[in-house]
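Just so it is clear, the model here is predicted, and its values are computed rather than measured.
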Amino acid sequence: PSGTENKEMPPEQPGTPEHLQRFEKEDDKSFWKRRRRQWRENAKNAKSKFATKEDYLSSDLYARRREREETKQRWRSVPLEHMKFYPPEIVIDLDYDTVMPDKDLRSLASQLMHAYGTLRKSQRPVKVHFTSFRGAAAEALRRVSGADWKVFRHEEPFPQVFDKSKLVYLSPDAPDVLDRLKAEDIYVIGGLVDDNKLLNTSYQKAQDLGIRSARLPIKETTGEEYANLSLCVNQVFDIMLDVANNGNWQAAFKNHIPERFKIAYKEERTKKKIATAMGIPVEAVGAQTTPQAASMESISSVVTQQADQQSAEGAETDSMKV
């Protein structure tokens, strides 16, 4: 027989890269299909609360939707080279794809997708650059249509694209504080999802390149103590865009830093867990049981002691019955 006839393809084996890749695409597709359906239902329910069409057309809800739709149309219709951007420029450094696993690269793409959504809604959008747009990072962004976004993409690393004297690398480990944004400066955000595994990476990179580095003035502005200042890429971007539009650090931090990052919030949660485990009011939990002195291990110890005590009481009750 000739070798030109159609041969039946072997069945796809579960667990192979091809199978996992197809499953991931189908799962993403079904997820976004469900999400869009939920958005349509929510929009329909919100509109149905108005008694008449005139009430809806004169409402704030309609005004917000119309403004959002006009912004979307403007982003769709105006070519990138003709769009009006405001200072300062922001760079996303994608040169970390070799130190991040695929899971973190997908998370980075999701964070940048959120950041781009914020950019599209902004009344004063800034010019955004993706540098080192190649390799695994670029592929992860292409999966979420990042290659079609109205941002400036460069395959070269950012020191080869911009004047190094204008660059400021944002890092939570930097000793210098960024007190205000300057129109002539270009701010670099590291496209890094590290979960605190790669401490000082961005700051050390700035030192090696001989460029300025700075951290956001979170403690100096809010007066709050935070357990973690390593924010997500989209959170840093949203803060920078908010300050570029409104010039208010305090409001930007309040809008974009989650409450769970505060030490006071963690202390209160720990007190509630200990109170629940011990069966006492939260007010009765002493200061020594805060996260500084009482870790999750101590909470487990309290729970274990309580369980042992209940077991002993149960055994004593059984012996009395006998």
Side-chain angles (χ1 to χ4, degrees), residues 88-112 114-115 126 128-141 151-182 184-222 225-241 243-244 249 252-253 256-258 261 263:
E89 297 184 48
I90 296 180
V91 175
I92 307 297
D93 177 19
L94 300 176
D95 199 19
Y96 293 100
D97 56 344
T98 58
V99 297
M100 290 193 298
D102 290 342
K103 177 177 72 70
D104 288 348
L105 288 171
R106 291 194 297 270
S107 179
L108 173 63
S110 177
Q111 292 178 23
L112 290 176
H114 285 289
V126 300
V128 178
H129 302 265
F130 288 172
T131 58
S132 299
F133 189 80
R134 60 179 187 271
E139 181 59 31
L141 282 168
V151 300
F152 296 86
R153 287 171 287 275
H154 314 268
E155 292 187 359
E156 301 83 9
F158 67 90
Q160 299 179 18
V161 180
F162 304 99
D163 183 357
K164 293 175 67 174
S165 64
K166 296 182 179 180
L167 295 172
V168 179
Y169 211 114
L170 300 179
S171 171
D173 306 305
D176 296 331
V177 179
L178 181 67
D179 55 351
R180 64 188 181 92
L181 301 185
K182 298 180 180 179
E184 64 272 15
D185 284 341
I186 301 173
Y187 298 95
V188 184
I189 301 174
L192 185 63
V193 179
D194 61 350
D195 294 330
N196 294 320
K197 297 189 292 291
L198 301 172
L199 298 176
N200 293 309
T201 302
S202 55
Y203 173 61
Q204 188 60 50
K205 183 172 187 177
Q207 293 292 99
D208 295 341
L209 293 172
I211 63 176
R212 290 174 291 164
S213 62
R215 59 179 174 85
L216 300 179
I218 300 176
K219 292 182 179 179
E220 291 77 6
T221 303
T222 64
E225 290 293 330
Y226 289 85
N228 182 14
L229 292 179
S230 296
L231 305 177
C232 299
V233 174
N234 60 297
Q235 291 169 342
V236 178
F237 180 85
D238 290 351
I239 290 171
M240 295 291 289
L241 185 61
V243 175
W249 287 106
F253 294 143
H256 305 295
I257 298 182
F261 281 26
I263 290 180

Do Ile211 and Phe158 have side chains that approach each other closer than 4.5 Å (heavy atoms only, starting at C-beta)?
yes
Enter the distance from Leu216:CG to Thr221:OG1 here, rounded to the nearest 0.5 Å.
9.0 Å
Using the test ring pair (Phe, Tyr, Trp, His ring centres under 6.0 Å), find all partners of His129 that sit at least two apart in sequence or belong to another chain.
Phe152, His154, Phe162
Set of side chain to side chain contact (heavy atoms under 4.5 Å, CB included) partners for Asp102, sequence neighbours left out
Leu105, Arg106
Are the side chain of Gln160 and the backbone of Pro157 linked by a donor-acceptor contact shorter than 3.5 Å?
no
If you look at every heavy atom in Ala252 and Val243, which pair is closest and at what distance?
CB-CG2, 3.7 Å
Nearest 0.5 Å, please: how far is CG in Asp104 from CG in Leu192?
8.5 Å
Kindly compute the distance separating SG (Cys232) from CD1 (Ile189), expressed to the nearest 0.5 Å.
12.0 Å
How far apart are the C-alpha atoms of Asp185 and Arg212, what are their side-chain angles, what is the distance that settles it, and do they pass the side-chain contact (heavy atoms from CB on, under 4.5 Å) test?
CA-CA 10 Å; Asp185 284 341; Arg212 290 174 291 164; 3.0 Å; yes
Please find the pair of heavy atoms, one from Thr222 and one from Ile218, that lie closest to each other, and give the distance.
OG1-O, 2.7 Å
How many angstroms lie between atom OG1 of Thr131 and atom CD of Glu156, to the nearest 0.5 angstrom?
9.5 Å
Please find the pair of heavy atoms, one from Lys164 and one from Leu209, that lie closest to each other, and give the distance.
NZ-O, 2.8 Å
Take Leu141 and Arg153 through the side-chain contact (heavy atoms from CB on, under 4.5 Å) test and state the conclusion after the steps.
CA-CA 11 Å; Leu141 282 168; Arg153 287 171 287 275; over 6 Å; no
From Leu112 atom CG to Leu108 atom CG, the distance as rounded to the nearest 0.5 Å
4.5 Å
Does Ser171 have any side-chain hydrogen bond (donor to acceptor under 3.5 Å, both in side chains) partners at least two apart in sequence or in another chain, and if so, which?
Ser202
Nearest 0.5 Å, what's the NE2-CE distance between His256 and Met240?
12.0 Å
Please list, one pair per line, the donor and acceptor atoms closer than 3.5 Å that link side chains of residues 91-101 to other protein atoms, with sequence neighbours excluded.
residue : atom : partner : partner atom : Å
Asp93   : OD1  : Asp95   : N            : 3.1
Asp93   : OD2  : Tyr169  : OH           : 2.8
Asp93   : OD2  : Lys205  : NZ           : 2.6
Tyr96   : OH   : Tyr169  : OH           : 2.7
Asp97   : OD2  : Ala136  : N            : 3.4

If you take all heavy atoms of Glu155 and Phe133, which pair is closest and at what distance?
CG-O, 3.7 Å
Mind checking what makes salt bridge (charged side-chain N to carboxylate O under 4.0 Å, His left out) contact with Glu220, not counting sequence neighbours?
Arg215
Specify the closest pair of heavy atoms between Ser213 and Asp176, including all atoms of both residues, with the distance to one decimal.
O-CB, 3.7 Å
Is there side-chain contact between Pro217 and Val177, with heavy atoms separated by less than 4.5 Å?
yes
Return the set of residues passing side chain to side chain contact (heavy atoms under 4.5 Å, CB included) with Ser107 (not counting sequence neighbours), or none when no residue passes.
Gln111, Val193
Ile257 versus Ile239: any side-chain heavy-atom pair under 4.5 Å?
yes
For Leu181 versus Tyr187, what's the shortest heavy-atom pair and its separation?
CA-OH, 3.4 Å
Taking Trp249 for its side chain and Asp179 for its backbone only, find out whether a donor-acceptor pair lies under 3.5 Å.
yes
